[in-house]
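Computed from heavy atoms alone, side chains included, the values below leave out hydrogens, waters and symmetry copies. We name chains A, B, ... by the order of the sequence lines, and we start the count at 1 in each one.
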Amino acid sequence: MCNGRNRLTCQKHDGDGVTTAELFRAEGLSKTYPGVRANDDVSFCVAAGEIHALLGENGAGKSTLVKTIYGLIRPDAGQMRLGGAPHAPADPHAARAAGVGMVFQHFSLFDALTVAENIALGMDAPPRRADLSRRIAQVSAAYGLPLNPARRIESLSAGERQRVEIVRCLLGNPRLLIMDEPTSVLTPQEAEILFATLRQLAAQGTAILYISHKLDEIRTHCDRATILRQGRVVSTVNPRDHSARELAAMMVGAEMRLVDRSGRQAGEVVLTVAGLTSAPASEGTSLQDVGFQVRSGEILGIGGVAGNGQEELIAALSGETTGRPGTVMLDGGDLSAQGPEPRRRAGLLAAPEDRLGHAAVPEMSLTENAILTGATRQQLQKRGVIDHRAARCFAETIIADFDVRTPGPATAAGALSGGNLQKFVIGREILQNPRALVVNQPTWGVDAGAAAAIRQALLDLAGRGAAVVVISQDLDELLELSDRFAALNNGRLSAPVATEGLTLEQIGLMLGGAHGMEVAHVAA
Amino acid sequence: MIGWTTLLLLMSAATPILFAALGEAIAERSGVLNLGVEGMMITGALAGFAAAHATGSPLAGFVAGAAAGAAISLIFGVLTQYLLTNQVATGLALTMFGLGLTAMFGRPYEGVKAPSMPGGPLGVNWAIWLGLALVPVTWFVLNRTRRGLILRGVGENHDAAHALGYKVRLVRLTAIAIGGALAGIGGAYVSIATVLQWTEGMTAGAGWIALAIVVFAGWSPWGVLAGAWLFGGVAVLQLRLQAAGVAVPVQLLSMAPYLATIIVLVIISARQKYRGRGSAAPGSLGRPFHATR
């Protein structure tokens, strides 16, 4: 029921003063899970031809909301209307039939199947194979999204995979297109292509509901933004009227802390990597003659689209894979042939990207996970016997210092939300006072407030004289943190350049903007 | 004429494994690893034999074998898909359950003779023809129809299939039942058409060979056919050698079909892997599915 205090106006004003009508409206949507109100009396509306952003921290209820619209979740209370008619889809088939399309955050694609098969699975009445291929070609051409229907998904880049998802949606002629964090896996150039497509769609009258963490992106491209906090709508604003800081403050409900880069001085060289070459793994990219130096008090940022050797690089630095003599040196000592434990003892620590299963054991408690990497440096064992009191104390310190929201150190790691576990994993390494620390995607899936805290902790660590290597796909993060920047592309690392004065364009080109999205590559 | 008779024997020896392996390939393509093939086969063998004996009709026997195989496979299906038990452990339990159950209920049928199988075109009985026909049919359904595409999608990435609105558990339950029915027919072929009587544990590991063939054949119906014929061929060969009185221990000769099949299939699959693409295993094979929430 739409009541007085939530009076909604839903009009998109074009340049000519023409107003377009409301297409979608949600009124009083609520959904409660045991212990959590995921959505609480959510009301908002989207106009035809509008790019409407949905903003909020992790756990603010954005995913629940869009899954409700797409028919994957049934709300406890409230109604929706689409194009004037009631919208209460029983399942995604019904939602698609009503004109709702959705591009998922984690691609809902089938790796071993072809592009055409994937698209057919996303349609309710797919045409015959030849017709389907022709229609894929038509839509691809109309929106500048080249695709080869016969290719298998596993051979496509992230940008191409997303294109498959979008074309799959477009073939259903959606009136409302939902996009869940579509640019998190794209290079800046790929993102530009995506926005061109979205603007074209909006111009034709399709409404777009756009979820993203990237505030600048939303300010540039979205007409309106609805901000969610703890399951409730905080307000609906025109994002162009507000700074990114103001938007973030509305999401978090408090002023954002600015990251403080001051008080660091580059000292002597701590970590030297030279001529690092890895044998080609069964799947993945092999490193090709990777080399760099990091000084005490310095942060080196390594950017690149996922799958260009990040996993291999962190494995080579952490000691999971060992290398030829002289490839990995810490303070002049050769660690190339050493495994992770001797490297930790020497002071070279690493936090890999994959939190569950790589950085932490999901089934084990936080205390036990703290022991796994902290045993030696924190003296959590005596002659091979675990000192449980010290271990619990160490885990509690991590929880307190990094604001990990959990009932206590006895909680299983897998029970924590992704962002919380990430804080724990990063905190565990930072609190061991490493001489050199390598992190991969330190704030991946972490909300804005916690991300700022993690970044500050990395800067503080460097301020205390450690050498820090940050591998990330988030370019804003790299620009914010690092003193020097290098790009990892197809297993090769570019020469590091000073971050000062580097623009996003330049970085995009360093990342290999010349490959991945161009037409010739796909038409092959 | 030795050629034709030998081929006939080969196809006959291959048929039970062909049926069972095709069924298991369908189940695995939907993402279900059912190690209970041996149990489903032996259940089909007894039920088929009992029905054929009671009615005097081999056809009724095959129908009963299929029904019994499907029924016992649904125990596995409900346990793994709805109660989320471990697929490996449940499959092993199903095999032991089937062997035990048939040993108990099979007593009255020991020493009884089966009704004779009618011959078919070219002296090949129609069960063999059915098995051969199922190979292209399975391939066509899996690769060229929408139902097959949905089944493969569910097996490849059940989360994505669920997100697109497909009923993962229902698809898998159907695939499990089809797999059970085909394993049951395979078992019934052993008791009704090959051995012509009931003996405890008479499927003698055919279900395990079927499982191995599915993996090494890369989950392809044509590969399954090749694996089954290879097994049948060596089985016939070793029988000939035994009959000729070759000075090799009988135990070693009896072992030969199993050993040869596995060795050849391992070589084939190793070469495929070496040439580039990794395993063709369905992405969600053996992983339990439950919708988040």
Side-chain angles (χ1 to χ4, degrees), chain A residues 31-34 36 38 63-64 66-68 70-74 89-97 100-114 116-129 132 152-155 161 165 168-169 172 180 280-284, chain B residues 25 28-31 86 139-172 215 218-220 223 269-293:
Chain A
K31 178 72 188 178
T32 307
Y33 296 124
V36 198
S63 287
T64 305
V66 294
K67 281 181 180 169
T68 307
Y70 194 58
L72 280 165
I73 292 176
R74 234 169 286 181
D91 58 24
H93 296 292
R96 286 197 294 266
V100 180
M102 179 152 166
V103 173
F104 291 88
Q105 177 182 11
H106 304 291
F107 298 140
S108 61
L109 295 176
F110 305 88
D111 280 356
L113 307 186
T114 66
E117 289 175 328
N118 269 277
I119 288 174
L121 274 173
M123 301 173 72
D124 288 305
R128 306 187 130 273
R129 280 151 64 91
L132 182 61
R152 278 169 176 259
I153 297 298
E154 60 197 354
S155 69
R161 287 174 192 220
E165 290 244 12
R168 178 160 80 182
C169 286
D180 196 354
S282 57
E283 279 162 43
Chain B
E28 292 195 12
R29 275 294 187 90
S30 81
N86 181 292
W139 178 86
F140 184 84
V141 171
L142 282 178
N143 293 296
R144 288 290 180 269
T145 68
R146 176 148 183 89
R147 278 165 203 280
L149 179 59
I150 292 171
L151 182 134
R152 283 187 293 137
V154 166
E156 184 58 35
N157 184 347
H158 52 218
D159 293 320
H162 172 73
L164 290 173
Y166 295 106
K167 294 186 169 50
V168 173
R169 291 193 296 201
L170 191 67
V171 169
R172 291 196 167 156
V215 176
W219 291 269
S220 127
S269 94
R271 280 181 54 184
Q272 277 167 354
K273 250 175 221 163
Y274 189 75
R275 287 223 186 102
R277 289 189 18 79
S279 154
S284 293
L285 182 59
R287 278 171 46 208
F289 171 77
H290 73 115
T292 44
R293 279 170 301 129

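In terms of modelled atom types and a separation under 3.5 Å, the side chain of Y166(B) and the main chain of L121(A) share a donor-acceptor contact. In this structure a side-chain-to-backbone donor-acceptor pair under 3.5 Å is missing from R129(A) to R144(B). Proximity of a side-chain donor or acceptor of R96(A) to a complementary backbone N or O of L164(B) within less than 3.5 Å is detected.
For the residue pair A163(B) and P92(A), the shortest heavy atom distance occurs at O-CG, 3.6 Å.
Using a 4.5 Å cut-off between heavy atoms, D91(A) contacts chain B through its side chain alone, with no backbone atom that close.
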**Request:** Start with the C-alpha gap between L113(A) and N157(B), add the side-chain angles, then the distance that decides, and say whether side chain to side chain contact (heavy atoms under 4.5 Å, CB included) holds.
**Result:** CA-CA 10 Å; L113(A) 307 186; N157(B) 184 347; over 6 Å; no
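In this structure, the separation between CD on E156(B) and CD on E117(A) is 10.0 Å, given to the nearest 0.5 Å.
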